[in-house]
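Read the numbers this way: they start at 1 and go in the same order the structure lists the ligands and their atoms.
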Amino acid sequence: MSTHLKGLSDFSHIEIPSAEKFKFGIVVSQWNAEVTGALYNGAHSTLIKNGALPENIIVIQVPGSFELTSGADILLSAKKVDAVICLGCVIQGETRHFDFICNAVANGVTNVSVKHNKPVIFGVLTTDNSQQAKDRAGGKHGNKGEEAAVTAIIMATLQAALV
Ligand code: DLZ
């Protein structure tokens, strides 16, 4: 059962399908690298724990969350993957950058998913401060990277079942 603290990172209430037959892409933003590194560790270990083969996980890095969309697009154009996980961390600052980046990456991830007809998962933290981000990257609120990986497995399985 999920708790108000751990959120979706507690998966004991759902059955996660095997990831063994799928290929995954992971696009990691280098901005706020300590947080995105923790998200990456959570996503990668969750894929492996659920049967994905290490050689079937392609990882690329992009400079910031704004570039997650083009990173996913490049990856899906170049490699045959069943789902892509975008990992980033946007922290509220003193300018409107935050809003532009969050809106751009949310819309961009949706658009690239539709363009390639593949699941592209939004594993981007959008927080008021770095503590909130750390709390969601392996801290007291779980790890959003793990959630993103589970979502990718579920969506890849759904597509394989229907297409
Ligand atoms: C410029 C910028 C700022 C201010 N803040 C963040 C952030 O909190 N998280 C993040 O992932 N990226 C940030 N960036 C960088 C942009 O995503 C992007 O890399 C640059 O604007 C260049 O396109």
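- In this structure the side chain of Asn143 reaches within 4.5 angstrom of the side chain of Leu39, judged on heavy atoms.
- Between His44 and Tyr40, the ring-plane angle classifies as tilted under the 30° and 60° cut-offs.
- Both Val35 and Val28 are assigned to one and the same hydrophobic cluster, defined by single-linkage of ILVMFWY side chains at heavy-atom distances under 4.5 Å.
- Among protein heavy atoms, atom 9 (N) of ligand 1 sits closest to Cys89 O, 2.8 Å.
- Looking at Pro63 next to ligand 1, no N or O pair under 3.5 Å apart turns up.
- Atom-to-atom distance recorded for Trp31:CH2 and Ile91:CD1 is 10.5 Å, nearest 0.5 angstrom.
- The shortest contact between atom 1 (C) of ligand 1 and any protein heavy atom is with His97 NE2, 3.4 Å.
- Trp31 CE3, 3.5 Å is the protein heavy atom nearest to atom 15 (C) of ligand 1.
- Applying the 4.0 Å criterion to heavy atoms of Ile91 picks out, from ligand 1, the atoms 8 (O).
- Proximity of Ile101 to Thr126: side-chain heavy atoms (C-beta onward) are nowhere separated by under 4.5 Å.
- Rounded to the nearest 0.5 Å, atoms CD (Glu20) and CG (Asn56) are 9.5 Å apart.
- Ranking the protein heavy atoms by distance from atom 22 (C) of ligand 1 puts Glu67 OE2, 3.3 Å first.
- Scanning the protein for heavy atoms near atom 11 (O) of ligand 1, the closest one is Ser65 OG, 2.7 Å.
- Remark: minimum distance from atom 17 (O) of ligand 1 to any protein heavy atom is reached at Phe66 N, 3.1 Å.
- At a heavy-atom cutoff of 4.0 Å, ligand 1 is contacted by both the backbone and the side chain of Val90.
- The distance from ligand 1 to the heavy atoms of Asn32 drops below 4.0 Å at these ligand atoms: 7 (C), 8 (O), 9 (N).
- Annotation: the span from Leu158 atom CG to Ile153 atom CD1 amounts to 13.5 Å, rounded to 0.5 Å.
- Taken from CD in Glu146 to NZ in Lys49, the straight-line distance is 6.0 Å, to the nearest 0.5 Å.
- Contact annotation: Ser29 has at least one heavy atom less than 4.0 Å from an atom of ligand 1.
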